[in-house]
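Structure, as structure tokens:
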Amino acid sequence: MGNIAYDFQIEKDDFERAGEASSKIKKILRQLGIDSGIIRRVAIAAYEVEINLVIHSLGGTISISIDPKSIMIIAKDIGPGIENVELAMKEGYSTASDKIREMGFGAGMGLPNMKKCADSFYIESIIGKGTIITMKMMLKDGE
Amino acid sequence: MGEEYKHSVILKEDRCIGCTSCLKVCPTEAIRVREGKAKIIPERCIDCGECIKICPNHAKSAITDDLSMIKKFKYTIAIPSLTIYGQFPSNISICEMLNAIKKIGFDEVVEDTVGADISIHLIKEYLLKKSDMNLPLINSSCPAVIRLIQMRFPDLIPNIIDIETPLEITARIAKKEASRRENIKIEDIGVFFITPCTARVTSIRKPIGISKSYVDGAFSMKEIYGEIVRNLGDCNSSNMGTSTKESLYWPIAGGQAAALGIENYLAVDGIHDVIRVLEEVELGKLEDVDFIECSACSGGCVGGPLVIQNSFIAKNRIMKYARKMKETKHTIEELDSFIKMYESGLIRLTEKIEPKSVMTLDKDIVKSIQKMELVTEILKSLPGLDCGVCGSPTCRAFAEDIVKGENCKAVCIVKTMNGFKNKNK
């Protein structure tokens, strides 16, 4: 079945453009006629992962692939990797600096929020190499 | 939908020179220039009036009703928009303006403040205190914003406060009271709005959230202004003014939040800024805010497409009147009667506000994906300048129009020229 895919490059510390990728993703999904509840979940997950890449990573790529049954988001960065993934998944846990927290980011809800929005969520991280987050949202129930 | 959706924003074709000014400002990409003239795509137009404001040739206009319409009714009531108080020098009293409007040929003039006041107190003392509301609440008073939400932010429909607009509340109360007092049937009473707003005109013809409007017609403030000016100059009859301080704030950006006495709010004016903020709401980033006041027009309703004065002057004048007024206090009994009106559905949005998916490429997702691939492919060969010369607002819209089969003849001038240059190298 036909699918369509897009890649977005995300730069470290690029707060100026932070949110642009998820905004573009949202528009694309709207035009494809995806259910608005799912669009919202994808948009929130994509936004969280985008902000995470800007704040915590050394840069990376968000890829989204849409087919008539599901949406897949893969975020891949080039480091530094998460020391303790289990801890990072806890609500409220954050390694963000005070400065970043003052800006309203780094509340420790990024990863838990992504997990909540996705039907399946998978994270793999290797120190010194990078992190890969894979999220899938199903478009039709029971299929 | 489509044809039956009666818009107020229209194009005067003879005045249109096919420039691209309106293409660029339309928040829903509802305009194309085809064969040298602007065309409005009816499904997409939210009647915000941005194109009317920007058009250098005054080719964009609004269809409002003709004054002769008042002859159809036995008894007529005019409800002037609150913005009218900002259209005259401050030495003219509100009473004088209302008298001048009455002299046009109405039996009665009722101030919109009646509904605004009820709305303000109901939201403040009742709705904001309920625990099951979807925060942030979004005001229901701007019809262009409501249509924008239906189209671009359908997930935020539950956040819209389900209370009727001040105009509808005023119209209902005025009709009922006149019917009782004058002993005439409701059908024989005509209520007419003197409007600064194109989107409101559309909402009278095709309401959102209610099945039928209590307003029977709308006269453009611009068109009726001359008549009012000529009638000014006497204020002998009794004072009809019922304005309250809070209700006078209503048509000014930030005025609703000020009237409601809310601290934790955002007041957003101008349709493009409204879009920016609603994007944030959609991402769940503003759930800690109680209320978002959105108005499509810069400056609030005083910045409407059919007003005479610019919004800054109008605001200054209205604030002068407001400062002279005392704050209103309603008794518990009065408040209870407002709540009853709301709970019984009389002044409530009782019909579901439906999402409108006009942005989609195809109803079928498989076809949608195929079309999107094609759009992406075409986009690669376009210059990305978004110049609008092809008649579509952006290169992306150009590609979409081709894929949708709506744009067979248009060409990209920039691409053609580049091709020509390369050939001659």
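In the text below, chain A, chain B and the rest are named by the order of the sequence lines, each starting its count at 1. In this text the structure is predicted, and so the values were computed from the model without any measurement.
Put simply, the side chain of B:Leu156 reaches to within 4.5 Å of the side chain of A:Arg40, judged on heavy atoms.
Across every non-hydrogen atom of A:Ile4 and B:Thr376, the tightest pair is CD1-OG1, 4.1 Å. A pairwise comparison of heavy atoms in B:Asp155 and A:Gly37 identifies OD1-N, 3.7 Å as the closest pair. The two residues B:Ile365 and A:Ile34 make their nearest non-hydrogen contact at CD1-CD1, 3.4 Å. Contact between B:Val366 and A:Pro68 at its shortest, heavy atoms only, is CG2-CG, 3.7 Å.
Counting heavy-atom pairs closer than 4.5 Å to chain A, the top residue among B:Lys367, B:Glu279, B:Gln370 is B:Glu279. When the candidates B:Val358, B:Thr360, B:Asp364, B:Val375 are compared by the number of heavy-atom contacts under 4.5 Å with chain A, B:Thr360 comes out ahead.
Between B:Glu282 and A:Arg30 a salt bridge is recorded (basic side-chain N to carboxylate O distance below 4.0 Å).
Of the inter-residue distances, the one linking A:Ile28 atom CD1 with B:Met372 atom CE reads 5.5 Å to the nearest 0.5 angstrom. To the nearest 0.5 Å, atom CZ of residue B:Arg396 and atom NZ of residue A:Lys27 are 9.0 Å apart.
Within a 6.0 Å radius of NZ in A:Lys12, no more than 12 heavy atoms belonging to other residues, nucleotides or ligands are found. Dense packing is recorded around NZ of B:Lys404, with more than 12 heavy atoms of other residues, nucleotides or ligands lying under 6.0 Å away. Within a 6.0 Å radius of NZ in B:Lys53, other residues, nucleotides and ligands contribute more than 12 heavy atoms. Heavy-atom neighbours of B:Lys415 NZ from other residues, nucleotides or ligands within 6.0 Å: at or below the threshold of 12. By the neighbour-count criterion of 12 heavy atoms within 6.0 Å, atom NZ of B:Lys130 is densely surrounded, having more than that number from other residues, nucleotides or ligands.
Interface remark: B:Ile157 contributes no atoms to any contact with chain A (heavy atom separation under 4.5 Å). Residue contact with chain B, scored on non-hydrogen atoms closer than 4.5 Å, involves the side chain of A:Ser23 exclusively. With a 4.5 Å cut-off on non-hydrogen atoms, B:Lys371 does not touch chain A at all.
Contacts from residues 44-62 of chain A to chain B, taken as heavy-atom pairs separated by less than 4.5 Å, involve A:Ile44, A:Tyr47 in sequence order.
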